[in-house]
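Take a look at the structure below.
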Number of protein chains: 2
Amino acid sequence: MPAEAKVSAKVNKPAKVEARAAAPASPPLTERQEARRRRILHASAQLASRGGFDAVQMREVAESSQVALGTLYRYFPSKIHLLVATMQDQLEHMHGTLRKKPPQGETAAERVAETLMRAFRALQREPHLADAMVRALTFADRSVSPEVDQVSRQTTAIILDAMGQENPTPEQLSAVRVIEHTWHSALITWLSGRASIAQVKIDIETVCRLIDLTAPAPR
Amino acid sequence: MPAEAKVSAKVNKPAKVEARAAAPASPPLTERQEARRRRILHASAQLASRGGFDAVQMREVAESSQVALGTLYRYFPSKIHLLVATMQDQLEHMHGTLRKKPPQGETAAERVAETLMRAFRALQREPHLADAMVRALTFADRSVSPEVDQVSRQTTAIILDAMGQENPTPEQLSAVRVIEHTWHSALITWLSGRASIAQVKIDIETVCRLIDLTAPAPR
DNA sequence: CGCTAATCTAGAACAAGTTTCAGACTTGAT
DNA sequence: ATCAAGTCTGAAACTTGTTCTAGATTAGCG
């Protein structure tokens, strides 16, 4: 049975591990632990890429990442935590990718819409993964708030980046929040087959008009 | 153990029961079946009003509504189906209530915002119930699409009612869809404690501006 | 080296959603 | 009144998320 029992650890130490994105202050992980965490996230994304939310089964994740079930739960206290962390991971990657080629639109609204559509196209390439991540995100309860918030901040950063707005006004931030709402909800309707890709595009473009409404001067 | 086994049925007949809202064409239910359906929905709402999503446990719903577990599943093929049907039920009620006192705002945007805030206040009175319904709604997968769509149509009807708009343009319908997106997503952030009531209010008011953007002439 | 605390592992156990089944009851038709 | 089909019940079984436990391993430290 021990398919992965021959890892032979060498370092460890912290008491509580939690899901982080980049490097917020927290108990530092040893490289071995960092490697475990990475294996877990990789397995999670991999399983999600096939069957979506349902295909990410904790026992399978544990096995694929060569970690005991109990250990998996020590790293990620629930399936939702795991998938939200997976999303953090993917989002980071996405943000990096998007940064490289900034959108071309004239107005801030156009640039934001273009950026979101770019992200959308990326998600379309892995619809099952998108399903798992988005479903987890919206299903998350209070116990996952910090992690979901982190995802939200990351998303906000991406949008603000696209706007090219250094210090947005409160009004603009409201618009950005509404855009995020629309983004998540539109993804859900698409993932559950209740809206077409074209529909999502229209919704995004529609909501992005709010930006021009709150920030007449593009640059 | 048979706590509810003494009902002694007298009528029945259809083969497949599905969740409906008002009266779409489908296998007509006998009064006895209609009564069962009603008991189930009532139990569902009751349990949801306490602990929210998690408190709605299928075994408990079955027991509270004096129906065998298998029967519950015949009426509602999953917990999600049940909760979405519960939402349909509540929404209908809500729509009736809202109809009575139409919003007072000058512009369509104001009226819609006022209506949604009214609905929001109603939800605040039963936050657990709101939690159960909204979580189910956004977590629903393709197998629940018809029912979720029905909820969506009902919501759209409420918003169009508030707009006082008889035959909306495609642009306006887009705006309405975006408003619904924002509505759902904002509710979620509130329910999971990531946004305050005030925050939700702002988001609603912000997104409602889109209406004036697409329909300059109020009436 | 030898000790102590923390971590990891394998596996059992538990909880709640879902499925399945045999049998009792109802219904509608003959 | 009787029969065939469909429905409901009670209970067990199965699935997957989550928790718990005992023991092996490792790390940090004198």
Side-chain angles (χ1 to χ4, degrees), chain A residues 1-17 27-37 39-40 44 47 51 53-63 65-83 132 136 139-141 143-144, chain B residues 1-17 27-37 39-40 44 47 51 53-63 65-83 132 136 139-141 143-144:
Chain A
M1 266 113 221
E4 78 294 19
K6 247 52 282 190
V7 187
S8 106
K10 226 177 291 178
V11 193
N12 55 5
K13 177 217 51 231
K16 291 237 167 165
V17 181
L29 301 187
T30 65
E31 52 181 299
R32 192 163 303 268
Q33 290 175 316
E34 192 56 54
R36 279 202 198 90
R37 184 169 194 281
R39 285 205 305 277
I40 293 173
S44 167
L47 288 171
F53 188 90
D54 292 333
V56 180
Q57 304 193 350
M58 300 305 268
R59 284 173 240 263
E60 290 221 18
V61 172
E63 195 168 338
S65 48
Q66 302 200 293
V67 145
L69 191 53
T71 305
L72 171 54
Y73 272 95
R74 178 194 282 277
Y75 280 72
F76 302 96
S78 78
K79 174 171 175 173
I80 301 292
H81 280 85
L82 171 58
L83 285 174
F139 192 64
D141 65 3
S143 72
V144 203
Chain B
M1 269 82 242
E4 77 293 26
K6 247 47 287 181
V7 188
S8 109
K10 225 177 290 176
V11 191
N12 55 7
K13 177 213 55 230
K16 289 239 168 163
V17 182
L29 300 188
T30 65
E31 50 181 301
R32 192 163 302 269
Q33 290 176 318
E34 192 57 53
R36 278 201 198 92
R37 184 168 193 282
R39 285 205 306 278
I40 294 173
S44 168
L47 287 171
F53 188 90
D54 293 334
V56 181
Q57 303 194 351
M58 299 306 268
R59 283 175 242 261
E60 290 220 16
V61 172
E63 195 168 338
S65 47
Q66 301 199 290
V67 145
L69 192 54
T71 305
L72 171 54
Y73 272 96
R74 177 195 281 275
Y75 279 71
F76 302 97
S78 77
K79 173 172 175 174
I80 300 293
H81 281 85
L82 170 58
L83 285 174
F139 191 63
D141 64 4
S143 71
V144 203

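Worth saying up front: this structure is predicted, and the values here are computed from it rather than measured. Proteins get letters first, then strands, A, B, ... in listed order; numbering begins at 1 in each.
Contacts of B:Val56 with the nucleic acid, taken as non-hydrogen atoms under 4.0 Å apart, involve only primed sugar atoms and P, OP1 or OP2.
If you take CE of A:Met58 and P of C:dA13, they are 21 Å apart, rounded to a whole angstrom. Rounded to whole angstrom, the span from the CZ atom of A:Phe76 across to the C1' atom of D:dT18 amounts to 16 Å. What separates CG of A:Asp141 from P of D:dT18 is a distance of 10 Å, to the nearest Å. Rounded to whole angstrom, the span from the NZ atom of A:Lys79 across to the P atom of D:dT19 amounts to 15 Å. The distance between atom CD of B:Gln57 and atom P of D:dT18, rounded to the nearest whole Å, is 14 Å. Straight-line distance from the CZ atom of A:Arg74 to the P atom of D:dG17: 21 Å, rounded to whole Å. Atom OH of B:Tyr75 and atom C1' of C:dT18 are 19 Å apart (whole Å). Counting to the nearest Å, the C1' atom of C:dT26 and the CZ atom of B:Arg32 are 9 Å from each other.
Between B:Phe139 and B:Phe53, a ring centre-to-centre spacing not shorter than 6.0 Å is recorded.
Looking at residues two or more places apart in sequence or on another chain, you find no side chain to side chain donor-acceptor pair (under 3.5 Å) involving B:Thr71.
Considering only side-chain atoms of B:Tyr73, the nucleotide from D:dT19, D:dC8, C:dT19 that sits closest is C:dT19. Comparing D:dT18, C:dC8, D:dG10 by their closest approach to the side chain of A:Leu69 singles out D:dT18. Counting only heavy atoms from C-beta on, A:Thr71 has its side chain closest to C:dC8 among C:dC8, C:dT18, D:dC8. Looking at the side chain of A:Arg59, the nearest of the listed nucleotides C:dT18, C:dT9, D:dT16 is D:dT16.
The shortest distance between side-chain heavy atoms of B:Ser78 and B:Met58 does not fall below 4.5 Å.
Judged by distance alone, the side chain of A:Lys79 and the main-chain N or O of A:Val56 form a donor-acceptor pair under 3.5 Å.
The side chain of B:Gln33 contributes an N or O atom lying less than 4.0 Å from OP1 or OP2 of D:dC8.
The minimum heavy-atom distance between A:Ala55 and A:Leu47, with the atom names listed, is CB-O, 3.7 Å.
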